[in-house]
Amino acid sequence: MGRPRRLTIPGRYNKIRRACAFVVAGAKKAGLDQKAIDDVELACDEACSNVIEHAYEGEGRGPIEVSWQVQDQSFVITVRDRGRPFNPDGVATPHIDPDDLKIGGLGLHFMRQVMDQVSFSFNENHGNTLVMVKRIA
Amino acid sequence: MGRPRRLTIPGRYNKIRRACAFVVAGAKKAGLDQKAIDDVELACDEACSNVIEHAYEGEGRGPIEVSWQVQDQSFVITVRDRGRPFNPDGVATPHIDPDDLKIGGLGLHFMRQVMDQVSFSFNENHGNTLVMVKRIA
Amino acid sequence: MEISVQSFKRVELLSVSGRIDSGTAPQLEESLRQLTDNGRHRIVAELSGVSYMSSAGLRALVGALRECKKHGGEVVIATPSERVADVLKLAGLDAVFQVFGDTVSAVGSF
Amino acid sequence: MEISVQSFKRVELLSVSGRIDSGTAPQLEESLRQLTDNGRHRIVAELSGVSYMSSAGLRALVGALRECKKHGGEVVIATPSERVADVLKLAGLDAVFQVFGDTVSAVGSF
Ligand SMILES: Nc1ncnc2c1ncn2[C@@H]1O[C@H](COP(=O)(O)OP(=O)(O)O)[C@@H](O)[C@H]1O
Ligand SMILES: Nc1ncnc2c1ncn2[C@@H]1O[C@H](COP(=O)(O)OP(=O)(O)O)[C@@H](O)[C@H]1O
């Protein structure tokens, strides 16, 4: 248990690194092992990148709020933005055709693979909220 | 000054290494620096190789006697064989034509380059005698 | 992220180090595009010094691979760091890229 | 003397270590001849581990160089040890062979 720690960054790709460092520092404090810390870093990066690319549809359109807390033996990351509503249910798992080599959908796939739970919600007052949970081994 | 140390090896290419080790050990005792020791090793190797190839015209045709001594601030190597007489005066310096790439005459060239004096003599009783001198710096 | 490019007779060796994420991947894309725009379609991506790579980095590499393959070339990966190897595997791209444990073999593969 | 050969698509990488003298040079000659007999005329001789080389070693290398050049190929030298570099220079062969400070560049030179 612990109260959430919060960091707000501008919605720019070169600021995401800061959000990742903030979450990684939290994961270290929470006692995650190195592999889990790497996972949490990747998930945070992919989440923030998607917010800029898909929710805001570009850089400099709004802030991203990242927070972490320890809850019930889990490390919980929350990512909030004020961009367009997103429901990921329709997003297919990624498919890479070696001949075609179109690539897409990796970001969500990574988040789902490396975290134990990933859930999106939209609320008119708070915008999009993404919650990602990593169990502490 | 010092009395000569002597080693006799069979005239086989794979025995030359032993003669070189013997001369290198002497050069170390005599206080030559590493570059000079390397030079002496190369000269001894080329001399013995030539004896087998040119004086005996093949392996297993006769022995090679190698000796070293320190004389007048010089390290002196003597190589003796009982093969056909050799007078190197007619041997031209090596020439490598980059287009033709025939290569020959490197052995004598190396001996002359790395040693301070190289002299051949023939005597009916003792056979060929090669004396090579390296000044001790 | 640092990128250096060494041009050999038939092969380009692009060495990347540091962090490849959505902030830096555009530079990687640009470096790769410069090579392919110049007709250089045999590329070794040497990734031993990469401390972190996200899907943005993979997209850059796959884009270049597609372009090179179109022209009978290839992008191969040499000496991936553990982090890079993990992410390649997570994406299922370890089966799409040829991966070499040493750079000599990667350059020699062309 | 130890010889190992790694075959790449277009290039053979022949790594030699130990002593190359008139006793061992015939094995080096034999290894090189096996390559050229098989139509492999692009050869990198990696000589970082060579502790000693006499004119017999140079003769083997020059013989292979001649044979490779005849077929539009080349023998290049990678990472010569100090001892090898000294002897190449003494023979004036440093101008005849292409010499590379790293093996990747040597393989890439073809
Ligand atoms: N935060 C988001 N807001 C809106 N749409 C999103 C968001 N994240 C993902 N998407 C949608 O889901 C798709 C898959 O996303 P992702 O797996 O990250 O792959 P990519 O971004 O490479 O297309 C995106 O193409 C986009 O349409
Ligand atoms: N010890 C020797 N006895 C007889 N002939 C020799 C001897 N050393 C050298 N020669 C002759 O001198 C030539 C040049 O010798 P060298 O410089 O060692 O080159 P290579 O042996 O490669 O021809 C030889 O080809 C040979 O004809």
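Chain letters run A, B, ... following the sequence lines, proteins first and then strands; every chain starts at 1.
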Let me know if [X] has heavy atoms under 4.5 Å from chain C in its side chain, its backbone, both or neither.
{"X": "A:Ile16", "result": "side chain"}
{"X": "A:Cys48", "result": "neither"}
{"X": "A:Glu41", "result": "both"}

Under a 4.0 Å threshold between the charged nitrogen and the carboxylate oxygen, would C:Glu82 count as salt-bridged to A:Lys35? no
With a sphere of 6.0 Å drawn around CD of A:Glu59, does it hold more than 12 non-hydrogen atoms of other residues, nucleotides or ligands? yes
Counting only heavy atoms not in C:Glu30, do more than 12 sit closer than 6.0 Å to its CD atom? yes
N/O donor-acceptor pair under 3.5 Å between C:Arg83 side chain and A:Asp38 backbone: yes
Go through the steps to decide whether C:Thr24 and A:Tyr13 satisfy the test side chain to side chain contact (heavy atoms under 4.5 Å, CB included), and finish with yes or no. CA-CA 8 Å; C:Thr24 59; A:Tyr13 291 119; over 6 Å; no
Among C:Gly23, C:Ala95, C:Pro26, which has the most heavy-atom pairs under 4.5 Å with chain A? C:Gly23
So which heavy atom on [X] is nearest to which on [Y], and how close?
{"X": "C:Ser54", "Y": "A:Leu42", "value": "CA-CD1, 3.9 Å"}
{"X": "A:His109", "Y": "C:Leu90", "value": "NE2-O, 3.1 Å"}
{"X": "A:Ser49", "Y": "C:Ser22", "value": "OG-OG, 2.7 Å"}

Ignoring hydrogens and angles, state whether a donor on the side chain of A:Asp45 or C:Tyr52 is under 3.5 Å from an acceptor on the partner side chain. yes
Indicate yes or no: at least one non-hydrogen side-chain atom of A:Cys20 is less than 4.5 angstrom from one of C:Arg19. yes
